[in-house]
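Single-structure report; data block below.
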Amino acid sequence: MKYYFLKAFFIFLTASLFFNELHAQKKITPQDIDWKLFLNQHDLIWNKITPDYYAGAIMGNGLLGNNIYKEGDSYKFHIGRVDVTEGRMPADKAQYSNLYHGARLPVGYFLMKPVGSVLSENMRLSLWDATTTGTIITDKGKISFKSYVHAIKDIIILETNTEGGETNFQWDWKALKAISPRYVFGNNDAPQEYLNNPNPDVKIYTEDNYNLSVQNLKGGKTYVVAWQETKKGSIRRIAITISHENTEESAIKKAKETIDNAIKETSSLENSHKQWWHAYYPASFASFGSAKMESFYWIQQYKLGCLTRPDKYIIDLQGPWAMEKTPWPAIWMNLNVQLTYSPLFTANRAEMSEPLWKALNDNLKSLSENVFVDAWKKDAIAMGRTTSYHMYSPLMENGTNKMLYEAGNMTWILLYYYQYCTYLQDKDELLNRFYPLLKKSIAYYEYIREKREDGKYHLPETASPEYSTAKDCNYDLALLQWGLRTLLQINEVYKLNDKKASAWKDFKDNLVDYPTDTEKGFMIGEDVNLTSSHRHYSHLMMIYPLYLINWEQPENRELISKSIAHWQSMTSYLQGYSFTGSSSMYSMTGDGEKAVAQLQKLIDKYIRPNTLYKETGPVIETPLAGAASLQDLYLQAWNDKIRVFSAVPKSWPQASFINFRTEGAFLISASRDNGKTVFIQIESEKGGLCSIQTFMNTDNLDIQKLSGRKVDFSVTDKSSGLLEIKTKKGDIIQITDKTLQIILPKPIKHLKSEQNAYGINSR
């Protein structure tokens, strides 16, 4: 008996080792996932449709958008186009306001009104197909509908199939007034010049089977909503577009051409739409221990595909779903844009950020004009709080509102440009476009700094966003320190011999220390403590997202802990992004339980049924920042080191991701089982040294290249499984533990009752 037991055990062990060896030879890619099945459990489902913008079915293609929700006894199809703005410049430039002259404008909505009284209704937004379907049952019949915003064509489609008396449901257009939504909201800060020059009234008419809504603007452009309906038995199909051109004639012509093409391509249109979305998702994959957080994460990935494309526009606060009433009809540059773009790089969607970098480089003149001293404009740039697509946003030191003097905004934006360059390892972009911008951004600080008797460089009174002004503002000191270090590093690595290098080093080495309080941690600035609730983490930028002060510096751990605790202890003004920021800070410390707890607060209190977010009006950034914080649980890349599963909570024994991108152009995939990391794959796109913290037992590691060649690596820190691996372009390296069964990255199984957490489902 003992012999047979040992023989069976030997066979099992041999089979296990063979299983491990077999799977160590296969490249893991996101294509391995059954995406349709996986995303189906995260679709948004409604069994009740409410009159709520924040509970509607949102769709978009980076330019056009549609949000389906209720209005009275009708169903509202609220459409928008992201580049429809006032586009004005008053004769007196000093009167210019981005919130009025540059305001994003609402377009309008269609109303689908059933003939009868509604008995029941339902709706489902398929993430995989980016299509909303629904059914409305009335006492007169039934309306089944399907709607999508085409992925690559400027067209919105609504198809209905009706039964009984609902064949003749009403379809009406309501154009919204072309005026800044901030004024409609009730703000009383509109320039009189703007109010004295309203846009002309909209013209609505039918011409040769085209329904047209034509809006001329004082700024010189025209936008046109056009739609055409075709009927075949009980089926009605409505094709809608929004054009935006320099003249009325060209806008009408463009709208008609788009409608004509959509009619011609009826049979193939839906297929090409789905093909784009089916190719979009597999850029990367992740599965999380909480079903609701997993749904939340993938809805954010869907929203990013709705919000922008490499060839479209910067994401503002509303995306393609512009409202008629909101105080925020602009692009906000003191946190919102930065957080909006934060999840793109790890998710391997860096190309989606390109409209922002293009806007900066195409509008260098505006960035220079934002500097308030003429003599500085030759080599300095700046960015005020709000802007439009032209990037004009003067930063005024002596304005009536001192809180608008946010000197660090431009440098903070460039942090994410740096990620774009380094995550793709794009040397040309880094040296020829990013580096000159960072030099100009830091030059602004060189002009405003002052050297005191202590021999240190200090900063004058500037604004710490959302709190107060202060000298030696930590918001600016942290960003300035990061900017100087980055310039020096680039200069050294690429041997640029920049003549300013010695001046940057002197500035960095003699920059005043961060103002701190012995009991409360980091202050707002010199002589200004944090004494009341503060939703922004502007004073903690050196912790996150800059990681200048971090948990791997034992001498700073107490300071980090007390700073976060003091900030979070005053809760009255905390908002959604207060919890995304603190979650990522806790992830940096390795405390996954606290990090997830902060995200749970975000989801429970602030995230709406369609995962949009509201602070008075829609603000797009916070849910997207939540996606970045979820990524931080699984993968962190800062200070030239990649950390795999450094903050996964113990309550999540399984974890998986595929093709998360890091600095150095490495694509990382990994899986975790029973609380232990069992598989890591590194794909090196450009080659180079990969410093990766595995948290695995280095005595048991099996490290292989799929090519079969020897891996050149060393163990830098055995206790944390830190490896340094020399890679060549195209290398695929897999790391496993010889004593553990390999579990490849795959979706975590969630209970059926926990799936489809968003929408309005009262099951």
Side-chain angles (χ1 to χ4, degrees), residues 98-99 300 307 314-319 326-345 353 356 359-360 370 382-388 391 393 395 401 403-419 441 462-470 473-480 482-483 522 524-525 530 533-547 564 567-568 573-585 598 602 606 612-629 632:
N98 276 305
L99 301 176
Q300 304 324 301
L307 289 166
I314 299 173
I315 305 170
D316 67 0
L317 271 66
Q318 301 176 84
T326 176
W328 324 125
I331 302 169
W332 249 257
M333 293 295 205
N334 66 345
L335 171 138
N336 307 75
V337 157
Q338 291 89 334
L339 268 58
T340 295
Y341 284 88
S342 62
L344 283 170
F345 311 101
S353 68
L356 178 53
L360 296 179
N370 293 340
M383 179 64 71
R385 180 178 297 180
T386 63
T387 188
S388 187
M391 300 289 101
S393 182
L395 185 66
N401 184 355
M403 282 304 297
L404 291 176
Y405 190 40
E406 298 164 340
N409 296 347
M410 187 72 229
T411 308
W412 190 6
I413 295 166
L414 293 178
L415 166 68
Y416 295 99
Y417 196 1
Y418 182 68
Q419 287 189 11
S441 183
T462 59
S464 182
E466 307 287 347
Y467 196 79
S468 74
T469 60
C473 186
N474 270 329
Y475 175 66
D476 290 296
L477 289 177
L479 289 162
L480 172 56
W482 172 81
F522 287 111
I524 298 299
L530 182 65
S533 187
H534 182 23
R535 63 179 181 172
H536 206 304
Y537 46 90
S538 53
H539 64 302
L540 301 180
M541 298 282 289
M542 70 293 290
I543 299 175
Y544 175 82
L546 299 173
Y547 299 106
I564 301 173
W567 169 46
Q568 289 286 303
Y573 287 162
L574 297 183
Q575 289 293 335
Y577 58 76
S578 309
F579 298 102
T580 67
S582 56
S583 175
S584 289
M585 292 178 196
Q598 295 300 90
L602 165 75
Y606 298 96
L612 290 179
Y613 173 73
K614 178 181 181 181
E615 283 187 31
T616 311
V619 277
I620 207 78
E621 81 293 317
T622 294
L624 299 174
S629 295
D632 286 340

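For clarity, every value in this text was computed on a predicted model and none was experimentally measured. We're numbering straight along the sequence, starting at 1.
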Query - Candidate pair L612 and I620, rule side-chain contact (heavy atoms from CB on, under 4.5 Å), full reasoning - result: CA-CA 7 Å; L612 290 179; I620 207 78; 4.0 Å; yes

Report task. Determine, stepwise, if the pair S464 / S538 fulfils side-chain hydrogen bond (donor to acceptor under 3.5 Å, both in side chains). Result -> CA-CA 6 Å; S464 182; S538 53; 2.8 Å; yes

Report task. Take Y573 and S578 through the side-chain contact (heavy atoms from CB on, under 4.5 Å) test and state the conclusion after the steps. Result -> CA-CA 9 Å; Y573 287 162; S578 309; over 6 Å; no

Requested in this report: Evaluate the side-chain contact (heavy atoms from CB on, under 4.5 Å) criterion for residues I413 and Q338: first the C-alpha distance (whole Å), next the side-chain angles of each, then the deciding distance (0.1 Å), finally the verdict.
Outcome: CA-CA 6 Å; I413 295 166; Q338 291 89 334; 3.5 Å; yes

Query raised in the report: Checking side-chain contact (heavy atoms from CB on, under 4.5 Å) for the pair M333/M391: CA distance, chi angles, key distance, verdict?
Result: CA-CA 10 Å; M333 293 295 205; M391 300 289 101; 3.8 Å; yes

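How far OG1 of T622 is from NZ of K614: 14.5 Å, rounded to the nearest 0.5 Å. Atoms CG and OG, from L574 and S533 in turn, are 4.0 Å apart once rounded to the nearest 0.5 Å. Taking CG of L356 as the start and CG of L414 as the end, the distance is 9.0 Å to the nearest 0.5 Å. We find the CH2-OG1 distance between W328 and T616 to be 5.0 Å, quoted to the nearest 0.5 Å. One finds the CZ atom of F345 at 4.0 Å from the OG atom of S353 (value rounded to the nearest 0.5 Å). Rounding to the nearest 0.5 Å places CG of L339 at 6.0 Å from OH of Y416.
Within the 4.5 Å cutoff, no side-chain heavy atoms of D632 are placed close to those of S583. Counting only heavy atoms from C-beta outward, the side chains of D476 and L479 never approach each other to under 4.5 Å. Contact check for M383 versus L395: no side-chain heavy atoms found under the 4.5 Å cut-off.
Side-chain contact, E615 with Y613: a donor N or O sits under 3.5 Å from an acceptor N or O.
Checking side-chain atoms of R385 against main-chain N and O of P465 turns up no donor-acceptor pair under 3.5 Å. Judged by distance alone, the side chain of H536 and the main-chain N or O of L335 form no donor-acceptor pair under 3.5 Å. In terms of modelled atom types and a separation under 3.5 Å, the side chain of N336 and the main chain of E621 share no donor-acceptor contact. Not one N or O on the side chain of S584 forms a donor-acceptor pair closer than 3.5 Å with the backbone of G581.
Remark: Q568 engages Q598 in a side chain to side chain donor-acceptor pair (under 3.5 Å) (not counting sequence neighbours). The side chain to side chain donor-acceptor pair (under 3.5 Å) search around W412 returns none, not counting sequence neighbours.
Shortest non-hydrogen contact noted between H539 and L530 is NE2-CD2, 3.5 Å. Heavy-atom minimum distance, Q300 versus P623: OE1-CB, 3.2 Å. The two residues Y475 and A463 make their nearest non-hydrogen contact at CD2-O, 3.9 Å. Of all heavy-atom pairs spanning C473 and T462, the tightest one is CB-OG1, 3.4 Å. Across every non-hydrogen atom of S393 and T387, the tightest pair is CB-CB, 3.9 Å. Taking every heavy atom of both residues into account, A330 and L99 meet most closely at CB-CD2, 3.7 Å.
Just one residue in the list D316, I315, N98 forms a side chain to side chain contact (heavy atoms under 4.5 Å, CB included) with I331, and that residue is D316. Results of the side-chain hydrogen bond (donor to acceptor under 3.5 Å, both in side chains) test with E466 over R535, H534, Q575 single out R535 as the only residue that passes.
A tilted orientation is assigned to the rings of Y544 and Y537, their planes being inclined by 30° to 60°.
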